[in-house]
Amino acid sequence: MTNTVPIITLDGPGGAGKGTICLLLAEKLGWHMLDSGSLYRLTALQALRKNVESEAQLAEIAANLDIEYLAEGDRLKILLQGEDVTDAIRTEQVGSKASEIAAIAGVRRALLDRQRAFAVPPGLLADGRDMGTVVFPHARLKIFLTASPEERAKRRYKQLKEKGIDANLPDLVAELKARDERDSERSAAPLKAADDALLLDTTEMSIDEVVNQVLQMASQRFGSNVN
Ligand code: C5P
């Protein structure tokens with residue numbers, strides 16, 4: 001099934017705009033979307049709540065997550081065991097814990113099939129760090145989105161403020177850089193562009209410009225499938 005479903009992967013560091021771009025593209029194309037970072041964040045939230053540290057227990061949490069994704073207008077509501085945790089998983093504390101446990105091979109393995117199950121017709125937009133390299137290596141369009149750390153921190157700051165979550169810009173820059181380093185240097189599925197990925201630096205681009213550029217790439221790759 002996954003080989004025939006059109007898949008666009010969007011990988012890149014935190015704050016590069018992948019989430020926003022993916023949501024907009026999924027809406028325009030009428031395709032499904034996978035926010036793979038949310039799976040690591042949900043595992044992290046459970047781990048923090050249950051005070052779990054051992055790798056085996058963390059992998060078990062990842063394997064048994066009871067999650068529901070509900071599309072609500074232009075946002076995705078996320079339920080964990082029936083509880084709305086959409087905002088709770090977006091804090092820097094959970095993000096930081098997510099990147100820590102994402103380095104554990106057992107956790108990544110536990111989440112692999114769950115991620116691949118998102119590839120159903122008419123198509124999938126997959127947002128993450130290893131979508132094009134590990135989870136969907138056969139995807140026909142792979143994009144690696146980047147932006148400078150300062151620009152990414154500014155975007156995240158704005159997002160958090162809009163959600164009423166307290167944030168501090170210099171702390172965000174430091175946290176993003178630390179997370180980039182952890183994500184890029186880990187041995188299990190490190191953050192890196194697939195050899196066949198197209199690089200898109202969004203530092204100077206508006207959201208609309210990025211969306212239009214990806215749509216153009218998609219119609220070149222998939223032809224009438226995306227019209
Ligand atoms: O994308 P987001 O910031 O929500 O991801 C949180 C963390 O989850 C990342 O910093 C990264 O360590 C991890 N992650 C990952 N692989 C993915 C998606 C996210 O390792 N495909």
Side-chain angles (χ1 to χ4, degrees), residues 7-23 33-48 55 58-59 61-62 65 67 69 75-78 80 85-119 124-137 139 142-147 149 151-153 155-160 163 165 167 172-194 197 202:
I7 298 173
I8 301 176
T9 60
L10 280 150
D11 288 306
K18 302 183 305 290
T20 312
I21 305 295
C22 254
L23 259 177
M33 119 161 223
L34 164 62
D35 168 8
S36 62
S38 69
L39 297 173
Y40 293 94
R41 286 175 180 268
L42 287 159
T43 308
L45 182 68
Q46 282 286 60
L48 287 166
E55 295 197 359
L58 289 166
I61 289 181
L65 287 172
I67 317 170
Y69 290 95
R75 74 175 212 143
L76 202 62
K77 188 163 150 182
I78 305 178
L80 179 63
V85 294
T86 316
D87 293 332
I89 61 165
R90 297 294 160 198
T91 63
E92 286 310 299
Q93 188 203 11
V94 173
S96 179
K97 187 73 182 172
S99 108
E100 222 180 281
I101 61 164
I104 301 169
V107 168
R108 305 200 75 83
R109 238 187 341 265
L111 294 175
L112 200 55
D113 286 344
R114 195 188 280 260
Q115 294 176 81
R116 289 187 173 148
F118 277 79
L124 177 70
L125 282 141
D127 156 0
R129 304 290 188 288
D130 61 343
M131 299 296 98
T133 50
V134 175
V135 183
F136 302 111
K142 300 179 184 178
I143 296 168
F144 195 82
L145 277 190
T146 58
E151 176 62 25
R152 290 188 281 122
R155 291 176 189 173
R156 185 134 290 177
Y157 179 80
K158 200 166 153 250
Q159 251 176 10
L160 290 171
K163 286 186 188 146
I165 300 173
L172 281 179
V173 176
E175 174 53 35
L176 270 177
K177 284 184 178 168
R179 198 126 66 87
D180 286 355
E181 217 173 277
R182 257 201 309 271
D183 290 349
S184 309
E185 285 172 10
R186 68 182 177 217
S187 58
L191 167 67
K192 69 170 184 184
T202 69

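In each ligand, atom 1 is the first atom listed, and ligand 1 is the first ligand listed.
Panel note: side chain Thr9, backbone Ala126; no donor-acceptor pair is recorded below 3.5 Å. Side chain of Glu151 to main chain of Ala147: no donor-acceptor pair is present (N/O by atom type, distance under 3.5 Å, no hydrogens or angles). With Arg116 contributing its side chain and Val135 its backbone, the two residues share a donor-acceptor pair below 3.5 Å. In this structure, the side chain of Asp11 engages the main chain of Asp130 through a donor-acceptor pair within 3.5 Å.
Nearest to atom 13 (C) of ligand 1 among the protein's heavy atoms is Ala102 CB, 3.7 Å. Closest to atom 3 (O) of ligand 1 among all protein heavy atoms lies Arg41 NH2, 3.0 Å. Summary of contacts: the protein heavy atom closest to atom 8 (O) of ligand 1 is Tyr40 CB, 3.5 Å. The protein heavy atom nearest to atom 18 (C) of ligand 1 is Ser36 OG, 3.4 Å. Counting only heavy atoms of the protein, atom 19 (C) of ligand 1 lies nearest to Gly37 CA, 3.5 Å.
Only the side chain of Met131 comes within contact range of ligand 1, with a heavy atom under 4.0 Å; no backbone atom does. Both the backbone and the side chain of Arg129 come within contact range of ligand 1, each with a heavy atom under 4.0 Å. Neither the backbone nor the side chain of Glu100 has a heavy atom within less than 4.0 Å of ligand 1.
Heavy-atom contacts of Asp183 reach the following atoms of ligand 1: 9 (C), 10 (O), 11 (C), 12 (O) (cutoff under 4.0 Å). Of all atoms in ligand 1, listed by their number and element, those nearer than 4.0 Å to a heavy atom of Ser99 are 10 (O), 12 (O). Below 4.0 Å from some heavy atom of Arg108 lie the following atoms of ligand 1, by number and element: 15 (C), 16 (N), 17 (C), 20 (O). Of all the atoms in ligand 1, the ones that sit under 4.0 Å from a non-hydrogen atom of Gly128 are 18 (C), 21 (N). Shown in contact with Arg186 at under 4.0 Å from a heavy atom are these atoms of ligand 1, numbered in order with element: 12 (O), 15 (C), 16 (N), 20 (O).
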For a side-chain hydrogen bond (donor to acceptor under 3.5 Å, both in side chains) check, start with the C-alpha distance between Arg129 and Tyr40, then their side-chain angles and the critical distance, and finish with the verdict.
CA-CA 11 Å; Arg129 304 290 188 288; Tyr40 293 94; over 6 Å; no
Would Val85 and Leu42 count as a side chain to side chain contact (heavy atoms under 4.5 Å, CB included) if you check the C-alpha gap in whole Å, the side-chain angles of each, and the deciding distance to 0.1 Å?
CA-CA 8 Å; Val85 294; Leu42 287 159; 3.6 Å; yes
Check the pair Arg179 / Ser99 against side-chain hydrogen bond (donor to acceptor under 3.5 Å, both in side chains), numbers first and verdict last.
CA-CA 6 Å; Arg179 198 126 66 87; Ser99 108; 5.2 Å; no
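The one candidate from Gln46, Arg90, Lys97 that meets the side-chain contact (heavy atoms from CB on, under 4.5 Å) condition with Arg41 is Arg90. Applying the side chain to side chain donor-acceptor pair (under 3.5 Å) test between Arg152 and each of Asp180, Thr202, Thr146 identifies Asp180 as the sole match.
The shortest N/O to N/O separation between Asp130 and ligand 1 falls below 3.5 Å. Among the atoms of Asp35, none of the N or O lies under 3.5 angstrom from an N or O of ligand 1.
A heavy-atom distance below 4.5 Å is found between the side chains of Leu160 and Leu172.
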